[in-house]
Protein chains: 2
Amino acid sequence: MLYSIIETLKKNQLSITDSRKKILEMFVKTKGALAHADIEHQSGTEFDRVTIYRTLQTFVEKGIIHTIPTADNSVRYALCKEECSEGHHHDDHVHFMCDDCGTTYCLDKISVPHLNLPNGFTASQTDVVVSGKCGKCN
Amino acid sequence: MLYSIIETLKKNQLSITDSRKKILEMFVKTKGALAHADIEHQSGTEFDRVTIYRTLQTFVEKGIIHTIPTADNSVRYALCKEECSEGHHHDDHVHFMCDDCGTTYCLDKISVPHLNLPNGFTASQTDVVVSGKCGKCN
DNA sequence: AAATATTTTGCAACAACGTTGCATTGTATT
DNA sequence: AATACAATGCAACGTTGTTGCAAAATATTT
């Protein structure tokens, strides 16, 4: 199935601009997740740092991408699957970070297991981050 | 069982200094996790920012405390249980972050479930962070 | 207990990351 | 094509975290 960048932007009532098209394209073309710095390097001096920050923020708010909690507390982003409800992302899949190459994967097929919390605790979201070696580095 | 601050420092071959005693004491007295900023506020101008950073770093290296990955990518620390092997922390328990009061708990009794990774992927560490409402805020 | 060696601290400077306000430019609407 | 609206770039700023080095505190030796 094809991911239409223009359609995605329109659907979310966002103006179609160069930065949004290019940044969204990067996510579509990348299997793994991207950090702000990755985008900055890939795009060179084409966009201002601030524009990249704001674009990422907007995409997160609209539910186009989601943030990934990482073991080293760096901020990474990845495309949301179509089913993501707008603005509220259901983080029901597992993330994997390769210790060698640094790539972050969304393991969409592994769902987060249910946990029995202590009395009085209720969960709204569960994030699972696995570190180790990925298929390429093993 | 009593947690002896001095003993812990000695055991890890660390000089016994004011900052280490006080910062370690904060962790012992706190049920939840602490961020660098928490420590800075609680200790006022007593210690330099840099000292706090270095103390936390040292404690992590020695396996006295461990870092907690959070959904909002802020760095938090919590006391390790005695069983932690020096320098290498076995992060086999679940962490809980309250959306209301911001407290972070180590749910020591809930162990991280085993996951079936895709072919070629091997795990070295698994972090689980649950967000929601804690016992006090529910 | 005093002198020496070793560690730790505080300061200053710096780098990375992220945010905000505002004028300018680009996109959408009429 | 003209107007209204939204996004961008720039500058400035704040926070967070790091590094080098002299001064101070701790540990060790005599």
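Just so you know, these numbers use all the heavy atoms, side chains as well, and skip hydrogens, waters and symmetry mates. In the text below, chain A, chain B and the rest are named by the order of the sequence lines, each starting its count at 1. These numbers come from a predicted model, not from an experiment.
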Phosphate OP1/OP2 of [N]: any [X] side-chain N/O under 4.0 Å:
X: A:Gln57; N: C:dG18; value: no
X: B:Ser19; N: C:dT9; value: yes
X: A:Thr17; N: D:dA7; value: no

How many whole angstroms separate atom [atom1] of [X] from atom [atom2] of [N]?
X: B:Lys22; N: C:dT8; atom1: NZ; atom2: C1'; answer: 17 Å
X: B:Tyr77; N: D:dT16; atom1: OH; atom2: C1'; answer: 11 Å
X: B:Leu56; N: C:dT8; atom1: CG; atom2: P; answer: 15 Å
X: A:Ile52; N: C:dA16; atom1: CD1; atom2: P; answer: 16 Å
X: B:Leu9; N: C:dT7; atom1: CG; atom2: P; answer: 16 Å
X: B:Glu46; N: D:dA25; atom1: CD; atom2: P; answer: 14 Å
X: A:Tyr53; N: D:dG14; atom1: OH; atom2: C1'; answer: 13 Å
X: B:Arg20; N: C:dT7; atom1: CZ; atom2: P; answer: 11 Å

Within the structure shown, what part of the strands sits under 4.0 Å from A:Gln13 by heavy-atom distance: base, sugar-phosphate, or nothing?
-> nothing
Answer with base, sugar-phosphate or nothing: what part of the nucleic acid does A:Arg49 contact at a heavy-atom distance below 4.0 Å?
-> base
CZ (B:Phe59) and CG (B:Leu24) are apart, to the nearest 0.5 Å, by 5.0 Å
Atom CG in A:Leu117, atom NZ in B:Lys133: separation rounded to 0.5 Å?
-> 14.5 Å
Relative to the 5' end of DNA chain C, which residue comes earlier, B:Ser15 or B:Asp48, by the nucleotide with the nearest heavy atom?
-> B:Ser15
Earlier contact from the 5' end, DNA chain C, for A:Ala37 and B:Leu14 | B:Leu14
Closest listed nucleotide, where the reference is the side chain of A:Asp18 and the choices are C:dT27, C:dA12, C:dT20 | C:dT27
Residue whose nearest DNA chain D nucleotide is more 5′ - B:Glu40 or B:Ile16 = B:Glu40
Mutual orientation of the aromatic rings belonging to A:Tyr53 and A:His36 [parallel < 30°, tilted 30-60°, perpendicular > 60°] = parallel
Side-chain donor or acceptor of B:Arg54 under 3.5 Å from a matching atom on the base of D:dG17?
-> no
Going by distance alone, is a donor N or O of one side chain under 3.5 Å from an acceptor N or O of the other, for A:Arg76 and A:Thr70?
-> no
Note: A:Lys21-A:Glu25 ion pair, threshold 4.0 Å (strictly below) = no
